[in-house]
Structures are given as structure tokens and as C-alpha cells.
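Here is the structure we will look at, set down as C-alpha cells.
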2 protein chains.
Amino acid sequence: MQLTRIYECLCDETRLRVLHVLSPGPLCVCHFQAVLREPQVKISKHLAYLRHRGLVESEREGNWIVYRLAGKPSRELAANLACLQDCARENPLFQRDLARLRKLAPKLAATGPGGCAVLAAR
Amino acid sequence: MQLTRIYECLCDETRLRVLHVLSPGPLCVCHFQAVLREPQVKISKHLAYLRHRGLVESEREGNWIVYRLAGKPSRELAANLACLQDCARENPLFQRDLARLRKLAPKLAATGPGGCAVLAAR
DNA sequence: GACCTATATGCCCTTTTGAGCATATAGAAT
DNA sequence: ATTCTATATGCTCAAAAGGGCATATAGGTC
């Protein structure tokens, strides 16, 4: 049953946060580092985990690798991601991430070429 | 975050099946054995797992122990259980369990005192 | 080509998980 | 008191998970 595969992806806090901040739109790894404040290895591994299981997709853009939610989610996945968004709405940790995400765009734009071009270009 | 605790409960197929067949109403362990066709130890351990994490509650009734879904589920739990029911609707495995569950009441009633009195009494 | 930046991966370690077997326990029946 | 039935639990084992460190890789820049 593929449903358990989905839940396996959801039973780690870091992965939940990744999926949550990915909901508004694509991000590259440096964004996750900035928003989640977690070490690069940790984030990279969880992204790989989610990618292998088809929850997210990645694409290279110059030096950066951009992650997005899977394009054609199954009914189950779509339902559970929606449920996650719903649960996140009242969760302080998730809301903190979201706040950092919102602040990120202008700040990165200001750092110039050192920042990540993808989000800065928005 | 308690959300991950919930997902940890959901990431095993046996536990998903348990929660699913528990949705219509309480069951005792022998029912789970009959419906899920899994060994007693396996079922008992997963029930204990769910009980320790507060997803189900149990109560002794004579020789049997009756399990039911937790009385006052959190918002997150309620949302995820609803989502699970939704996902189960189109899933053959879950539907098979449900079919066995429906057949169970009359059959147990016929076996007399050897069967489980709880469901038979319905 | 040498170097830098962003990201991924291999290795190691500790903890958790899920399964099974054997056994314990609680209450009912005799 | 013994026995039976239903269920739980301790032990062991193999596998997986999750974290960190070091290192590899890919694409830019000089």
C-alpha cells in the first residue's frame, strides 16, 4: 500500500517542515537552511528521502538546486498534504518557519550575488 | 510537536488497518484477528503501541478487551483520521477488511458462547 | 587549471522499529 | 484449586532511521 509510504515521509519533524514551507512555492536548499535553521547535511538528506519517494522534485539551476512539491500528486498525497497544511495553521513551529520564509525574499535580494538568485528574482 | 507522533502511528500498515476498522465502532482483539487475519502477537503489540500514544482506548469486558478510538481526539488527530477514512475508501485492502467486518457480526453470533460476546450482542 | 560555492553521499554510530517465540497474567469455567 | 481462554509482555534479532563528520561532485569564477 502506498499510503504507508506517504506516512513514513510525514513522521519526521524536519520533513514536515520541509513540505510545509514548500507549499507556497519552490525553494532551493539554501532557503531551507535559512528558514529551518538546520544543518545542510540534515536538510539535504531529508530532501533526498522525499525525492526518492516522489513527494518532491528537484531541478538544477546554475549552482543551486530547486525543490518543489511533486507535480502530479496521487489522491492520497494531495489529501494528506492538505491535511498537513491545515494542521500547521495553528502550530507555532510551522508558523515561525513561515514567518522566516516571508522575510527571506527581500533579505536575500539585498545580499546580492552571494544570496540565492532564485528567490531573489521573485 | 505531537503531529509527528500521530504520523508515526500511521506509518505502519497494520496500524492503519486497525484504525480503519475501528472507525465504525469498538472491537475486541479477537475481531481484529478475524478481520485482519494477522497473528495475535502482532495485533496486540500494535494495539499497545496505539494505546500508549493515546490514539485508542481499551476496557476489559469479562474475558475480552475492547478497543475503541480515543474519546477526545485533538484537532490534528481528528483531521488525520478523517483523511485516512477518505483514503481508505478506494483502497482494496481496506475495503476487504471492511467486508470481513460486516460479515463478522452474524457469524460470531452463530458460534454461541465460544465467539466474542461483545460484537454478538449488537 | 585552480579555486569557490552549493549540494549530495559514504561511513559510522545510536536508537527505534517490527516480527516471532515463549511465557506471563487476568478473569471465567469446571 | 485447576484449567481454559483471551490478551499482554519480555527477549532476541534484523532492519531501518536519523544524526554527524568527512568527503565527493557539479557548476561557476578567476
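Hydrogens, waters and symmetry mates play no part in the numbers below; they use all other heavy atoms, side chains included. A, B, ... follow the sequence lines: proteins, then strands. Residue 1 opens every chain.
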Next on the checklist: Applying the salt bridge (Lys or Arg N to Asp or Glu O under 4.0 Å) criterion to A/Asp97, which one of A/Lys103, A/Arg102, A/Arg17 satisfies it?
Outcome noted: A/Arg17
Checklist entry - Out of D/dT7, D/dG18, C/dA6, which nucleotide sits closest to the side chain of B/Trp64? => result D/dT7
Item to check | Closest listed nucleotide, where the reference is the side chain of A/Ala48 and the choices are D/dT7, C/dT9, C/dT7 | outcome: C/dT9
Checklist outcome for this item: Assert: residue with more 5' nearest nucleotide on DNA chain D, out of A/Lys42 and B/Arg51, is B/Arg51
Item to check | Min side-chain heavy-atom separation B/Thr4-A/Asp12 under 4.5 Å | outcome: no
Checklist entry - Among D/dT7, C/dT7, C/dC21, which is the nearest nucleotide to the side chain of B/Lys45? => result C/dC21
Next on the checklist: Looking at A/Gln40 and C/dA8, is any side-chain donor or acceptor paired with a base atom of the opposite kind under 3.5 Å?
Outcome noted: yes
Checklist entry - Hey, does A/Tyr67 reach any base, or is it just sugar-phosphate, or nothing, if we go heavy atoms under 4.0 Å? => result sugar-phosphate
Item to check | Side-chain N,O (A/Arg53) to OP1/OP2 (D/dA17) below 4.0 Å | outcome: yes
Next on the checklist: Nearest to the side chain of B/Asp12, heavy atoms from C-beta on, is which of D/dT7, C/dA19, C/dA8?
Outcome noted: C/dA19
Checklist entry - Which comes earlier along DNA chain D counting from the 5' end, the contact point of A/Val41 or that of B/Val41, where each point is its nearest nucleotide? => result B/Val41
Checklist entry - Once you round it to whole Å, what is the distance between P of C/dA19 and CG of B/Leu36? => result 12 Å
Next on the checklist: Is the shortest side-chain heavy-atom distance between B/Ser58 and B/Val29 below 4.5 Å?
Outcome noted: no
Checklist entry - Looking only at heavy atoms, what is the nearest atom pair of A/Pro26 and A/Arg68, with distance? => result CG-NH1, 3.4 Å
Checklist entry - Can you check whether A/Tyr49 has a side-chain N or O nearer than 4.0 Å to OP1 or OP2 of C/dT9? => result no
Checklist entry - Would you find a donor on one side and an acceptor on the other, under 3.5 Å apart, between the side chain of A/His46 and the backbone of A/Ile43? => result no
Checklist entry - Do any side-chain nitrogens or oxygens of A/His46 fall under 4.0 Å of OP1 or OP2 in D/dG19? => result yes
Checklist outcome for this item: Separation of D/dA6 atom P from B/Glu59 atom CD, nearest Å, is 19 Å
Item to check | side-chain N/O A/Arg60 vs C/dT7 OP1/OP2, d < 4.0 Å | outcome: no
